[in-house]
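Worksheet for the structure shown next.
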Amino acid sequence: MRKLSKTTYNNLITYGIIILAYILVQILLATGSLSSLMEGLLVPLCTYVILAVSLNLTVGILGELSLGHAGFMCVGAFASAFFSVNMQGVIPSDGLRFFLALVVGAAAAGIFGLLIGIPVLRLRGDYLAIVTLAFGEIIKNVINALYVGRDAAGFHFSMKDTASLNMAEDGQVILKGPQGITGTPGDSTFTVGVILVLITVFIVLNLTHSRAGRAIMAIRDNRIAAESVGINITKYKMMAFSISAALAGVAGVLYAHNLSSLTATSKNFGYNQSIMILVFVVLGGMGNIRGSIIAAVILTLLPELIRGVGDYRMLIYSIVLIVMMIFNWSPKIRAWREAHPLFRRGKRGEEA
Amino acid sequence: MKKAVSMFLALALMAASLTACGSADGGAGDSSSEGVAGETFFIGGIGPETGNNSQYGLAVRNGAQIAVDEINEAGGINGYKIAYDFQDDEGTAEKAVNAYNALKDWGMQILMGAVTTEPTVAVAAETVEDGMLQITPSGSSLDCVQYDNAFQVCFTDPNQGIESAKYIGDAGLAQKVAVIYNSSDSYSSGIAEAFIAEAENQPFEIVSSEAFTNDTSTDFTVQLQKSREAGADMVFLPIYYQEASLILQQADDMGYDPLFCGGDGMDGILGVDNFDTSLAEGLILLTPFIADAEDELTQNFVSEYQERFDEIPNQFAADAYDAIYIIKAAIEQADVTPDMSTEEIGTALIAAMTEITVDGLTGEGMTWEAGGTVNKTPRAVKIVDGAYQAM
């Protein structure tokens with residue numbers, strides 16, 4: 001048998017952790033020892049892991065700050081929910097419909113990523129952050145102003161209200177502006193979520209370790225040097241950015257099909273959410289996929305597990321977040337950890 | 001090393017979550033009362049305790065707490081005490097489902113919630129699967145009661161719009177009406193849409209309909225200017241009182257003085273900080289609850305609420321108080337006991353909901369349709385000398 005390279009070994013550990021977690025949860029589910037709260041959190045956990053891993057592609061590997069990741073998630077969520085609600089009676093098989101919804105969501109978000117990328121990726125650094133931030137807000141507001149209905153004559157659109165859709169009596173309003181889309185089928189399951197997480201991790205890890213990935217990282221590390229050896233900067237930037245957007249769209253599909261009501265509020269698709277995903281990436285380590293997964297899981301679980309403390313929940317959550325950030329990244333504490341025997345053991349296996 | 005720390009944190013967390021699984025009924029929050037499974041009714045509440053809508057969630061939590069304490073002091077429902085726990089949903093659908101699952105772990109049998117519309121719709125999809133009775137004190141869109149197991153204490157948005165239009169038409173209050181509403185809020189746009197549709201059957205016309213969003217809810221001069229240019233003698237504001245107070249202020253600044261009229265979200269306008277309440281003189285609002293009403297029930301509730309929480313209760317608190325008494329009435333009607341399964345209790349209570357009649361703070365002789373909507377008469381009040389006066 002061929003000897004495994006260090007990267008392959010490292011990647012296998014990442015896949016192993018995900019599969020182990022999946023098996024552990026399945027055992028707990030089968031024995032009925034998982035609380036309803038944990039059971040309900042399984043799909044959101046997958047959603048946030050996918051978001052964190054996909055944003056890591058833009059932030060950690062491409063080295064560009066994107067603050068509009070929730071916007072791509074929003075595109076994927078609404079495109080797929082719209083598709084599923086329309087197709088509910090047409091495609092009888094739930095599995096096929098959900099698969100197509102995933103394709104629709106990923107494609108819609110990917111196309112938006114491409115469209116945003118064309119003008120923006122010629123810019124550098126802060127400009128990209130600002131434009132992506134604006135994009136996320138625009139998407140949210142456009143969806144809040146959009147009314148779409150369907151009757152025998154086809155689709156009706158309006159930017160004003162449901163009355164101006166002029167629909168026939170039997171018409172059904174699908175997207176109701178700020179009230180969003182209701183009645184999305186609950187197709188998301190933990191198994192599908194884990195498969196999507198594995199696919200996402202597979203795509204990102206393989207891209208990183210491919211020829212294209214090395215070009216992308218070369219752009220991150222030294223743009224001028226990369227350009228001078230003939231790397232097509234715009235092409236590789238676009239590639240990373242639109243793949244990242246499409247994967248965020250997949251997370252959006254998972255999110256939309258987990259809840260029966262989907263609305264675009266600043267809480268779920270606003271810049272707060274984008275920053276939250278960025279926090280997962282930063283806490284887990286830029287460019288570190290396994291770190292993103294662990295950080296996303298911990299930070300999603302934390303506020304739910306401390307429900308017991310009541311009124312102080314959000315306060316404690318923020319404090320824990322600050323402490324974790326300092327513990328992981330403060331230079332002084334890192335130096336202290338290097339010296340401390342308890343933490344020294346893991347040093348050998350440390351990743352780049 | 002990073003790995004070691006991450007591993008450590010992950011392990012600690014896993015240990016914490018596993019222990020949380022083991023002690024399901026020990027994980028209740030601070031607002032819960034002690035309960036023994038089989039001998040106590042477990043009523044859960046969901047609403048925003050943090051975030052933008054926290055004032056509504058806290059009002060619901062407190063209002064329901066008063067009702068629970070009153071019932072427990074008086075000996076409970078058919079001799080069974082109530083255990084009550086309220087969980088935070090931050091006003092989002094996603095967290096509301098988490099809160100619902102946390103309450104299920106606690107042992108919840110009946111749900112009073114959620115407070116805002118989107119969380120209510122999301123939770124309703126879960127309760128219908130579990131066959132649980134859900135009574136929302138203030139989730140007002142029609143989607144909140146799309147399933148048979150969900151019932152409302154408040155009016156639905158379309159009903160409120162229709163009732164308002166009828167009231168204005170019947171009383172002949174205006175000929176030309178302008179509407180200013182929040183298009184990013186489902187409550188506001190729901191009322192506005194129904195109001196505009198119903199206006200066609202009424203003796204007044206809609207001369208302008210202008211929207212704003214949560215992101216532009218500070219400057220209303222453009223909308224007011226358009227209303228004035230259209231010659232409106234009444235401005236209908238189906239919005240919450242914070243924005244309404246700004247509109248009244250800005251209308252006064254530009255010397256525009258039409259009649260203003262609002263829905264139940266307007267309740268609370270007299271309590272806004274730094275707001276000159278003389279600007280609200282003559283404001284008409286349709287609200288199910290008036291804090292300074294003369295009847296004994298309201299007065300007791302208001303004084304109790306003020307004593308315990310140091311503020312005047314708004315209609316959300318009153319809706320929640322009523323919701324608990326509605327649950328009590330349904331339990332008495334269906335004659336269920338706490339040792340039955342959640343689904344058995346749910347089925348019996350859902351059938352009982354259409355048979356009961358409840359006199360509460362927010363209306364007398366409230367009855368429910370099988371569809372989940374409430375039948376009660378709206379009350380119109382006018383602000384005179386800084387206080388509500390029934391019309």
Side-chain angles (χ1 to χ4, degrees), chain A residues 28 33-41 44 141 144-145 161-163 176-180 182-183 186 255 259-263 265-268 284-285 288 290-291 294-295 297-298 301-302 304-305 307-311 313-314 324 327-328 334 337-338 342-347 349-351, chain B residues 1-10 13 16-18 20-22 24 26-31 49-51 87-88 90-95 97-102 104-105 117-119 121-122 124-126 141 143 146 182-186 189-190 192-193 196-197 209 211 213-215:
Chain A
L28 285 173
S33 48
L34 208 60
S35 65
S36 311
L37 177 63
M38 289 297 294
E39 218 180 308
L41 277 171
N141 282 320
N144 275 334
D161 50 34
T162 41
K176 270 186 274 186
Q179 300 178 44
T182 47
Y255 180 92
L259 301 168
S260 70
S261 75
L262 180 68
T263 51
T265 63
S266 52
K267 272 269 186 184
N268 56 3
N288 184 343
R290 202 188 305 156
I294 294 170
V297 169
I298 290 176
L301 281 183
L302 190 65
E304 299 305 327
L305 293 179
R307 276 188 180 275
V309 297
D311 284 348
R313 189 163 74 98
M314 281 302 153
M324 278 164 78
F327 186 78
N328 248 13
R334 295 187 72 159
R337 279 193 331 216
E338 307 257 338
L342 183 65
F343 299 110
R344 209 182 289 158
R345 240 195 69 241
K347 211 174 171 221
E350 183 165 2
E351 301 145 76
Chain B
M1 167 196 56
K2 257 187 299 181
K3 197 170 70 183
V5 177
S6 312
M7 281 298 205
F8 166 75
L9 285 172
L13 203 84
S17 60
L18 287 178
C21 306
D30 58 339
S31 55
E49 289 178 294
T50 54
Q87 287 291 342
D88 186 14
E90 301 166 37
T92 65
E94 186 192 355
K95 302 284 177 183
V97 173
N98 292 344
Y100 173 73
N101 285 325
K104 250 170 60 178
D105 292 334
T117 298
E118 288 87 27
V121 178
E126 307 288 320
S141 94
D143 289 330
Q146 59 181 323
N182 181 348
S183 64
S184 60
D185 181 51
S186 53
S189 47
E193 253 169 46
I196 293 166
S209 147
T213 68
N214 283 335
D215 301 325

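Letters A, B, ... mirror the listed sequences (proteins, then strands); counts begin at 1. Computed from a predicted model, the values in this text were never measured in an experiment.
- The contact between B:A93 and chain A is made by backbone and side chain atoms together, counting heavy-atom distances below 4.5 Å.
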Quick one, B:N101 with A:E304, criterion side-chain contact (heavy atoms from CB on, under 4.5 Å). Give me CA distance, side-chain angles, the key distance, then yes/no.
CA-CA 10 Å; B:N101 285 325; A:E304 299 305 327; over 6 Å; no
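- Checked by atom type and distance alone, the side chain of B:D105 never pairs as donor or acceptor with a backbone atom of A:S35 at under 3.5 Å.
- Exactly one of A:T182, A:T263, A:L262 qualifies for a side-chain contact (heavy atoms from CB on, under 4.5 Å) with B:V121. That residue is A:T182.
- Looking at B:E193, the atoms closer than 4.5 Å to chain A (heavy atoms on both sides) all sit in the side chain, from C-beta outward.
- The two residues A:S36 and B:K104 have their closest heavy-atom pair at OG-CE, 3.7 Å.
- Of all the listed residues (A:T265, A:L259, A:N144), the one sharing the greatest number of non-hydrogen pairs under 4.5 Å with chain B is A:L259.
- For a residue to count as touching a neighbouring chain, one of its non-hydrogen atoms must lie under 4.5 Å from one of that chain's; by this rule B:A211 does not touch chain A.
- Separating the CD atom in B:Q146 from the OG atom in A:S261 is a distance of 9.0 Å, to the nearest 0.5 Å.
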Could you give me the CA-CA distance, side-chain angles and deciding distance for A:R313 and B:E90, then say whether side-chain contact (heavy atoms from CB on, under 4.5 Å) is met?
CA-CA 11 Å; A:R313 189 163 74 98; B:E90 301 166 37; 3.2 Å; yes
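- By the ring pair (Phe, Tyr, Trp, His ring centres under 6.0 Å) test, B:Y100 is found to be paired with no residue, residues two or more places apart in sequence or in another chain being considered.
- Here the closest non-hydrogen pair linking A:R307 and B:A102 is CD-CB, 3.7 Å.
- The residue among B:D143, B:N182, B:T92 with the most heavy atom pairs within less than 4.5 Å of chain A is B:D143.
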